[in-house]
Protein chains: 2
Amino acid sequence: MLEHSVQTPPIAQQSPLAVGDARASAAGSVAAGSSLAVSTVIFALRPDDESGLKTLWLPLVRRTRDPHRDLWALPGGWLPADEELAAAAARTLRETTELSPRYLEQLYTFGDIDRSPGLRVVSVVYWALVRSEVAERASVGENVRWFAADQLPPLAFDHNRIVEYALWRLRTKVEYARIAHAFLGDTFTLAQLREVHEAVLQKALDPANFRRSMESSGTLISTDQHVAGARHRPARLYRYDGRASEHDPPGPTL
Amino acid sequence: MLEHSVQTPPIAQQSPLAVGDARASAAGSVAAGSSLAVSTVIFALRPDDESGLKTLWLPLVRRTRDPHRDLWALPGGWLPADEELAAAAARTLRETTELSPRYLEQLYTFGDIDRSPGLRVVSVVYWALVRSEVAERASVGENVRWFAADQLPPLAFDHNRIVEYALWRLRTKVEYARIAHAFLGDTFTLAQLREVHEAVLQKALDPANFRRSMESSGTLISTDQHVAGARHRPARLYRYDGRASEHDPPGPTL
DNA sequence: TCAAAAGTGTTTGTCCTACACCCATGT
DNA sequence: ACATGGGTGTAGGACAAACACTTTTGA
């Protein structure tokens with residue numbers, strides 16, 4: 001960590017996570033002096049404090065040094081030379097939330113010259129989905145806090161814009177790709193899956209049509225189990241079919 | 001910032017543009033030792049030598065040094081600290097083809113640890129569309145050559161994989177976004193536009209349905225001009241409506 | 001007047017939406 | 001019994017594919 005005191009801080013925060021390999025001596029960069037960071041937009045579903053309806057939340061970390069000291073920022077840090085991009089994203093996610101990503105995909109690379117005062121920083125940004133229940137009891141310290149995704153305060157750097165783009169990506173992708181299950185446990189009812197879609201898309205869905213849509217997608221495996229206890233007909237439990245493609249094929253994406 | 005003045009000067013790329021992913025002698029970077037490059041997959045439409053049908057072509061540059069000396073690679077180079085990502089992509093495109101991109105979009109960032117022997121290189125890759133006619137008389141030197149996109153030789157680094165992904169992206173995006181006009185001049189007939197779609201998608205399209213599809217997209221402006229000279233009814237010329245969104249909204253994308 | 005492509009009309013099938021309705025359970 | 005959500009059936013509209021047909025030109 002000491003080495004860092006000599007240079008401009010990473011795009012996000014350092015504290016526990018940040019740098020993995022701080023051997024950055026006084027060396028110069030091979031390229032032309034741009035620093036490479038990896039940040040992650042982490043989505044979870046949590047009931048709103050008042051309405052009780054589930055909404056999107058994400059964890060942010062407080063910056064402890066300039067620039068943008070005390071502002072909230074996306075979790076992230078410099079890219080260690082010996083770590084894959086997605087691995088770095090998963091690691092900062094874990095270090096921030098003590099969770100593992102159920103879905104992780106590269107979002108975009110932000111590299112505007114003036115996005116970070118002073119030093120040119122290029123950030124490869126990932127977005128991730130984590131399980132709701134687990135996220136509720138996730139660590140929340142002085143420097144880590146969960147925020148409602150559509151009620152964010154002004155963030156450090158261009159992070160507001162990044163979150164907005166990630167939100168758009170999540171919402172459009174939920175409509176055609178089978179990723180909603182990442183918010184849920186291994187088994188779930190169609191009503192739970194529908195609740196996820198409704199929360200993400202912010203609109204009500206017809207249960208009957210939603211069922212058919214999911215059934216015809218070929219990504220759900222019906223189990224024999226049912227959920228009893230409610231004062232109505234028990235709902236069947238389903239499991240996600242990992243073999244089915246998540247629809248994006250011949251490319252990266254994870 | 002002081003630390004930066006001590007840095008090794010940019011290596012960028014030498015000669016014309018040789019380097020696809022370039023490399024360097026010195027070591028160590030500000031972050032943790034990763035070098036940042038920008039490469040571009042440039043698509044143009046050219047008639048196949050034999051069939052005469054239009055197909056996708058792209059320009060590659062020959063590497064003049066190790067690793068992968070003499071292999072063909074995507075145009076690109078190190079990212080200068082004072083240049084925007086998209087600007088760097090447009091510049092290497094211009095330096096390679098003497099053309100301006102009619103469409104330019106970030107594709108993906110490739111950063112596998114072992115994608116370049118020896119040095120960790122992270123490449124932000126863009127894809128671009130350029131006009132067909134112009135592309136035909138584009139510069140072709142000893143170290144720059146155009147290849148049919150689906151008949152590429154083994155390329156340097158992971159560039160075969162990158163091109164494959166860019167091809168997939170182009171093909172899927174042509175189906176829902178209005179980008180095909182980027183291959184054409186300012187005005188064009190529906191038959192020409194359809195020819196572009198057919199070349200990209202590699203399948204015949206019904207002229208009647210294609211017409212309706214385009215007309216209802218709201219991105220075409222009908223002119224009063226017609227193309228005479230052919231031995232059949234003259235076709236109306238259309239112009240692309242720049243005001244119409246290209247469908248991708250709230251995010252980067254250009 | 002004929003070939004060929006521009007451009008229009010129409011049918012057919014598919015998918016999505018809306019909504020009526022039955023099923024199974026806890027209270 | 002009955003309220004509640006699980007689950008099924010079905011009619012109607014939007015849209016796309018397929019293809020017949022008319023229009024306009026050059027030769």
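Model, not experiment: these values are computed from the prediction. Quick note on labels: first sequence line is chain A, next is B, and so on, each numbered from 1.
When all heavy atoms are compared, the tightest approach of A/Y126 to A/L104 is CB-CD1, 3.9 Å.
In this model, a donor atom of one side chain and an acceptor atom of the other lie less than 3.5 Å apart for A/T109 and B/T109.
To the nearest angstrom, P of C/dA6 lies 12 Å from CZ of B/F210. The distance between atom CD of B/E195 and atom C1' of C/dA5, rounded to the nearest whole Å, is 13 Å. Atom CG in A/L220 sits about 16 Å away from atom C1' in D/dG6, given to the nearest Å. Rounded to a whole Å, the NZ atom of B/K203 is 12 Å from the C1' atom of D/dA16. Atom-to-atom, CG of B/L201 to P of D/dA17 comes out at 12 Å; the value is rounded to the nearest Å.
The aromatic rings of A/H181 and A/F188 lie parallel to each other, their planes meeting at an angle below 30°, with 60° marking the opposite boundary.
The aromatic ring centroids of A/Y165 and A/W127 lie 6.0 Å or more from each other. Ring to ring, B/F147 and B/W72 are close: their centroids are under 6.0 angstrom apart.
Residue order along DNA chain C, read from the 5' end via each residue's closest nucleotide, puts B/H232 first among A/A230 and B/H232.
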For nucleotides 7-9 of chain D, which of its nitrogen or oxygen atoms have a protein nitrogen or oxygen under 3.5 Å away, and what is each distance?
unit_1: D/dG7; atom_1: OP1; unit_2: A/R236; atom_2: N; d: 3.0
unit_1: D/dG7; atom_1: OP2; unit_2: A/R211; atom_2: NH2; d: 2.6
unit_1: D/dG7; atom_1: O5'; unit_2: A/R211; atom_2: NH2; d: 2.9
unit_1: D/dG9; atom_1: N7; unit_2: A/R212; atom_2: NH1; d: 3.2
unit_1: D/dG9; atom_1: O6; unit_2: A/R212; atom_2: NH2; d: 2.9

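In terms of phosphate contacts, A/R194 brings no side-chain nitrogen or oxygen within less than 4.0 Å of OP1 or OP2 of D/dG5.
A/E215 and A/R211 are joined by a salt bridge, as a carboxylate oxygen and a charged side-chain nitrogen come within less than 4.0 angstrom of each other.
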